[in-house]
Each structure stands twice: as C-alpha cells, then as structure tokens.
There are 2 protein chains.
Amino acid sequence: MNDRSRKRSQMMERRSQVLQPRQESAKGRLSAGFVEALKAVVGSPYVSTAAVVREQHGHDESMHRCQPPDAVVWPQNVEQVSRLAALCYGQGVPIIPFGTGTGLEGGVCAVQGGVCINLTRMDRILELNPEDFSVVVEPGVTRKALNTHLRDSGLWFPVDPGADASLCGMAATGASGTNSVRYGTMRDNVLNLEVVLPSGQRLHTAGPGRRFRKSAAGYNLTGLFVGSEGTLGLITAATLRLHPVPEATVAATCAFPTVQAAVDSTVHILQAAVPVARIEFLDEVMMDACNRHSKLNCCVAPTLFLEFHGSEQALAEQVQRTEEIIRHNGGSHFSWAKEAEERSRLWAARHNAWYASLALRPGCKGYSTDVCVPISRLPEILVQTKEDLEAWRLTGSASPLRARGAGWDGARATALSSGPPGTIVGHVGDGNFHCILLVDPEDPEELLRVQAFAEQLGR
Amino acid sequence: MNDRSRKRSQMMERRSQVLQPRQESAKGRLSAGFVEALKAVVGSPYVSTAAVVREQHGHDESMHRCQPPDAVVWPQNVEQVSRLAALCYGQGVPIIPFGTGTGLEGGVCAVQGGVCINLTRMDRILELNPEDFSVVVEPGVTRKALNTHLRDSGLWFPVDPGADASLCGMAATGASGTNSVRYGTMRDNVLNLEVVLPSGQRLHTAGPGRRFRKSAAGYNLTGLFVGSEGTLGLITAATLRLHPVPEATVAATCAFPTVQAAVDSTVHILQAAVPVARIEFLDEVMMDACNRHSKLNCCVAPTLFLEFHGSEQALAEQVQRTEEIIRHNGGSHFSWAKEAEERSRLWAARHNAWYASLALRPGCKGYSTDVCVPISRLPEILVQTKEDLEAWRLTGSASPLRARGAGWDGARATALSSGPPGTIVGHVGDGNFHCILLVDPEDPEELLRVQAFAEQLGR
C-alpha cells in the first residue's frame, strides 16, 4: 500500500449493500447466463469475475475480513446502472455499490456475495452553477478532483473526511470531517440526489430540478438517502452545495493541562460565536504518536488543532478572541501557522493520525470506534475511556509483549507497555470522537475484547 | 382578529393530517362511545365536540375553507398522546395534530373529519443544555416563549417564520424564515424528535439521547419527520440547536434600478462570503404597500432588506464590503438601522408584508405561492411572474373595480387598477419567493384563475 492510498483510509466512508428480498438464494456463484446478461448491459470488458478483481472489491481499508463479490461491473451511465439494478433485483442477487473503497467500516464487504457495481467510470462533472453555489457530479468524481475543477471559480466543497473519497460515496455514508463545525456534514451539503432504486427506477430525491437550495415540498428523501449506506439504492449523481473560498486561513495548535480544559475552551469559543472552521482534539498518546510519525515537535499533552477562515481583518479578530479564551482556560504553547505549507504540514499530521497510531504497534490493525456524545459530557466520557483502556492494558491480554513478525519494534513495545493500546482524536466541536484501538489481527481473543470494548463505549 | 394574532399568519407553518388506513369509514360523526373513550384518556374537560371549538380548529390563517374536525382533545403528556393515537388508529379515525394554527397552507383542515389533537397544553421546556447548544421543548412551546426563556443564557433560536408558531409545528412543516440564509431552516436546527406513530408507538428519531449534534448511525429519521406535515406521526418533543446571541446587529434597506441588480448584489454578497444574516427582496409594488401600511419612507423600487450579526469590528467590515458590492451593482438609497428600535420597525414592516398586501385591496384574501428556484434564474422568473400578473390584470377579471363591502377604498382601487393584483417578497438568499395574490373570496371565477396562476408558477 503506497502512502497516497494509505492516506485515503482515514475517511469515514463506508460502502454497504442493497440486500435483496431473495438474497439467500444468491449466495455462491452466479450462473454463466447471468454473467452474460451483465455483459449485455455494460459490454464484456466491463464485467469481471477474476479472483484478483473480486478480492480487490471485497474489502475497504479497515480490518474487516475480505468478502469478495461474485462479479464486478463498471457501468458507464445511469441507464446501465438502472438495467443492472433491475437485472440483479429480478434474480435476487445482492447489489454492492463501490466508489473509492476507502471506507473504514467494511461497507463494501459482500457478506452475501452478489454483484459489485463499481461506479468510478461515471466521473463527469455534469453542471457547475457558480451563481447558485451548486455543482452536479457523477459518482466517480472525488472530493479532490472536484476542488481541482473548481480552482478558478472562487468556490470549493469543504467536507473533508481525510481520504480522497468519491462525493457520492460520501453522500451514501453521510461523511463528515474536520470542517464540519463550520460547514456542516454531507447532510448539510447535498441538495439533491439522482438515485436508482433496486427495481431500476430512477428518482431525484428533491424533485427533477437539480439545483434547489431549499424545498419544503414532499418528504425529505435527500436526507433519507444521505447516510443510508447504499441500502436504499445507488446514487448516480449528486447536486452539492458549494462555498466561497476563504480569503485567508490561519491554523494553530495549543496544548492544555487537562482534557477538561481543552473541551471547555471549545465550548467557550463556540459560545463566543467565533466562526472557527476546524477544531480537533488529540489526546496526549495521539500527540506523542503524531510527533513521532509526522515529525512534529508539539507538547505531549491534550491538544487542540484549530483553523480559521475569513478576511484578513476578521481573522485577526478571531485569533485574538480565541487566544484570550484559551489562555483563560490554562492553554499554552500556541503555534500559529499562516503559510499554506505550515498549515498543510499540521493538517497532514492530523489526517495521518490513523497511521501514526498504527505505527505505535507495527503489525497491528486499527479498530476505530465512532462515538458521538453531547459536548458537555465529552470530558467525562474521554476520561472514562482512557481509564477503561488502562484497565484493559493491565489485564495483560492487549499488552504488546508478544512480538510477532519483522515489523515489531522493541523500543515501541516498551513505550506502549507503559500506555494504553489506543489513541483518541475527536471532532470536538460536534462531540464526536474516535478511539483508535491497536489490535493484533491474529489474536482472536484480542479481537473479541476489542469488540466488547467498542460495544461498551457505544453504550 | 387582533394585531398580534394577525402577525402570526405570515408563517409557513402548516398542520396536516395523519390519514389512517380506514379513514373513509370515519367520515361523519364519532360515536358517543368513542368520545367517552377519548375522555377516559385525557379527562372530560379536555375533550370538546362543541361546534364553536371545532370551527376554531378547522382552519388556519389562510384562505382555505374551514373543515372542522369531529372532536378536539388536549392531551397533557406523551403517554396520553400515545393512547389517543392508538385509539384513533384502531378505529380508523383521522388524527390532526394542532399547534398554534398560524399556518397559511390549510394543513389543519380536517378534510376527512377526525380528531384534532391540540398540543398546546404540553408546553414545558424540558431540558436546556447551554454547553451543548441544545434545548428540548414540548409541542406547546412557541418560538418567542423559547427565546424569552433563553434571554440570560447568551443563546437563541434563530428560525423565524414571522408568526409566533410552536417549535414542534415549525419542525413538522419544515419552516424557514428570513434568518435561514445564515442559520438554516428547521431541517438544519432540529437535532432529535420524540414522535408518536399512528399506532401509538413512541420513537426518538435520532436515538434515545436527546442532544447529539451529529450521528451517522441508522437512517436519518429526524430529517424525514421534519417537513412531513404531521403525516407520519405526532411530534411530542423536539431537541433544537441553539446559537450564540450576536454581539451586535445592523440592518439596512437599499433600492435598486432593476430586479436583476438586486439579485446580482445578493449573489455577489454571498460569493464574497459576507456572512449576511438576513437578505430579503421586495418588489416595488410590495414596497409601495409597505410604505403605506407600515409608515415607511422607502423608495418605491426593487429593494433588499439586509441584516448583519457579529462583533462590532466584524460588522464594520461586513457593512463596508456590502456597500461596495451594492454600489457596484447600481444600488442606492441606503438606510442603515443600528438601534434595536429602528431595526424592529424595519423588520416589522417586512413581517407585515402580508397585511400590507391585503390592505391594497380591502375585503380580499391573500393567496401566497411558495416557489423555490435556483438563484441564477430568479431575475428571469420574477420578471416573467410580473408580466403574467400584468397580463392577467389586463384581462379584467381580477380588476378590483367591483367594489364590495364597507372596507372598499376608492383611492386604492385606482392605485390597484394601474398595477397587478399581486406583490412579491423573497428569501432571495435561498432562491425562494412568495407571490401574494389578492383574491376576492366571493368570486369563484377569480379563485379558479388564481389557482391556475399558482399552478403555472409552480411549473
């Protein structure tokens, strides 16, 4: 896995399945006639039953076991998607939509076999309407490709889950990201979706017009499809809300004596209506890992990563107010990054938190929990989670003393044995945090314990 | 109707019906036994079948014909709502949720008879969590009551449809308002709903916790219930997102030579990322009506009403940028209002646009269309709408020459006969506008023509 594809896997995107009514009957191989029927829809070169291709499409970047589909098809237009859906549905064959495969929750795993519909060949930007702040994209268009296309328009699409995910996949999974505190998640930035239902029927969730900012007519089907994980239909086009590119940007890191102080600062910044664009929390274990992995030189302490967008004048005021609030809460070791390069380095470190965590225990796999709590309860829950991690470590089963493979690093083992096998990062403005647990995939007992821990955390 | 209750009727709230599977069988009177069963749930004083009460609950403030329910009940808690729903559902009796009755789209009309469930006795603010920027309210709590309660918290709830509607009613109807360009509509500000399904089952749309800012688990049922107009269930509590009270506020009006210039200015202001809090368009007919009705002294021209929220320093910059953009587009006659009193007067005039329009043709009823178009097409569609209004006037049937009743004003008749019988106001930041048509409710031909006009506009 190269560094570029590695970066993808931090995202929250998941791919899931349209399970069909007669799904059980489809388990196992597809008939030769059915594969021929798929070829008749998309053309022979765009259907594959090769083992290596099916394997590639049977997993995302998470630790979920590879469960390959029975066939992979690459439709080139919505008519083909519609015919494929109708064909599979008619035969009771599961349909698995596939975008960039950068998810972390195993959504693409073909748990019942079936046909994986890889939508990356539909990659046109269909319509850009700068005056309406909207764009219509096909499912193969990724976040970065769109923002490159928008470069000279003065607009951008801010939702940023880390990976260069497909935008329709981000819609399907209800992706969010570090910008959500200011710009919202996919829920707030999808205006309309063209979807193909399992029956093959095409539907525009917000009506036939693609560009409406707001509509009170009928049920909010757009909101229903966003985050439906591919279980309701295939997204074949998305109308997205664009935002003006900020005139200037400043990023910062700041260390705190306690988790409580970092969270209190967050609440006070939001209460003061400082329009912070990003505000992310990293615990001291995570900061230690980031310092090592991304060659940062930050304090090993509970830390906030911040970013502000606005005019030069507005930024100066935002920065001043934030500093006042943070100092009042005992924060220190400010480090402001104004130049694009410095900012990129900082946010790359944040985006690489996943890999920094994995590097703490080479050979392990990461298991990321995704918990959302009221921000007022965040300090308490973070402290409790850290205690649970510690208690777990003391029982010994998760201790990294059992070195395995060439990747194991004795020095790290010592570092880790004196700390919990998990790191914490959080979109703290939303009360959403991830606990990244470092798991030995060969140890069934440890896997069970991780699942139990994640379930407990979920509760 | 006093002035206070009049003001209510500008809102977009509508009440609608949970139509039951066996609804046909319920048409007509309820059995005495059924009414007794209702009384057994809520207590005798809280059930009425009196004609006057039923009449009061059979209409909102629109021109839709009164269609009274067969009975009105006032539950006092969610358990009673649940039992009422199960009772009605079991007997195939339609259920009509009722809040403040301030809608304009006839949602409370009991088209199939049935039981009106008036939720105003459930009016507690259940939980205020300032650190989480959230509050939980029962369905009887209105927008103004909530903001009064929040007065010392530094927080407020910004969605403002004009009327002092109930917040759960606003959720049910997906209400928006003049603030939506900055703070979003109800869709963006409802975090969770407690609903009672027709069967009586209770459900939290975003899970049992009431305060989550964001959740990617399961389908977005909150979004599905917001705007569902009471057709999916009864909302018995809403968790709402609160915002910090702005440090300072400035409002303004500005006249433009053309509709195009006003809309272009809006697009440029949004593109420049000026965080405008309100931006409303009024056409010259509407401005004339507002000048007369609200004793303003504005230019009779296409006009923008604007408002900015922020720190003193941020406001100064926003105002300066906006003036530059507006002057560049030919706007003039700025009038800035900084003091609360001046601002209130300006926005009261905007909120009273409905009554100002009605006053153009005493004795008439207002018929408000609600059309949402891409902002880039707004000038074209507004110009077309004005031409249609003019063409219609020239055919004569809508001419106000047939004076009726004591309210008729000869001077106004002349004014009106030289202009179209309709005014235009718009939440221009969203591409959403209302054409208020002034209809003689006694003239069936005119009613038909208005409906045809509204349908054409919808298309």
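Every chain is numbered from 1, with letters handed out A, B, ... down the list of sequences. Since the structure is predicted, the reported quantities are computational estimates derived from the model, not experimental observations.
Proximity of Asn220(A) to Phe225(B): side-chain heavy atoms (C-beta onward) are nowhere separated by under 4.5 Å.
Most heavy-atom pairs under 4.5 Å with chain B: of the set Ser311(A), Gly310(A), Ala314(A), this distinction falls to Ser311(A). Top candidate by heavy-atom pairs under 4.5 Å with chain B, chosen from His243(A), His309(A), Glu247(A), is Glu247(A). Most heavy-atom pairs under 4.5 Å with chain A: of the set Ala273(B), Gly154(B), Pro244(B), Pro246(B), this distinction falls to Pro244(B).
Side-chain atoms of Ser376(B) and Asp132(A) form a donor-acceptor pair, as typed in the model, at a separation below 3.5 Å.
Separating the CD1 atom in Ile375(A) from the CG atom in Asn129(B) is a distance of 12.0 Å, to the nearest 0.5 Å. Distance CG/Leu270(B) to CD/Glu131(A): 11.0 Å, rounded to 0.5 Å.
Within the 4.5 angstrom heavy-atom criterion, no atom of Gln318(B) approaches chain A. Proximity to chain B (any heavy atom under 4.5 Å) is shown, for Pro130(A), by both the backbone and the side chain.
Smallest separation of non-hydrogen atoms from Val267(B) and Phe133(A): O-CZ, 3.9 Å.
Remark: Phe157(B) engages no residue in a ring pair (Phe, Tyr, Trp, His ring centres under 6.0 Å) (not counting sequence neighbours).
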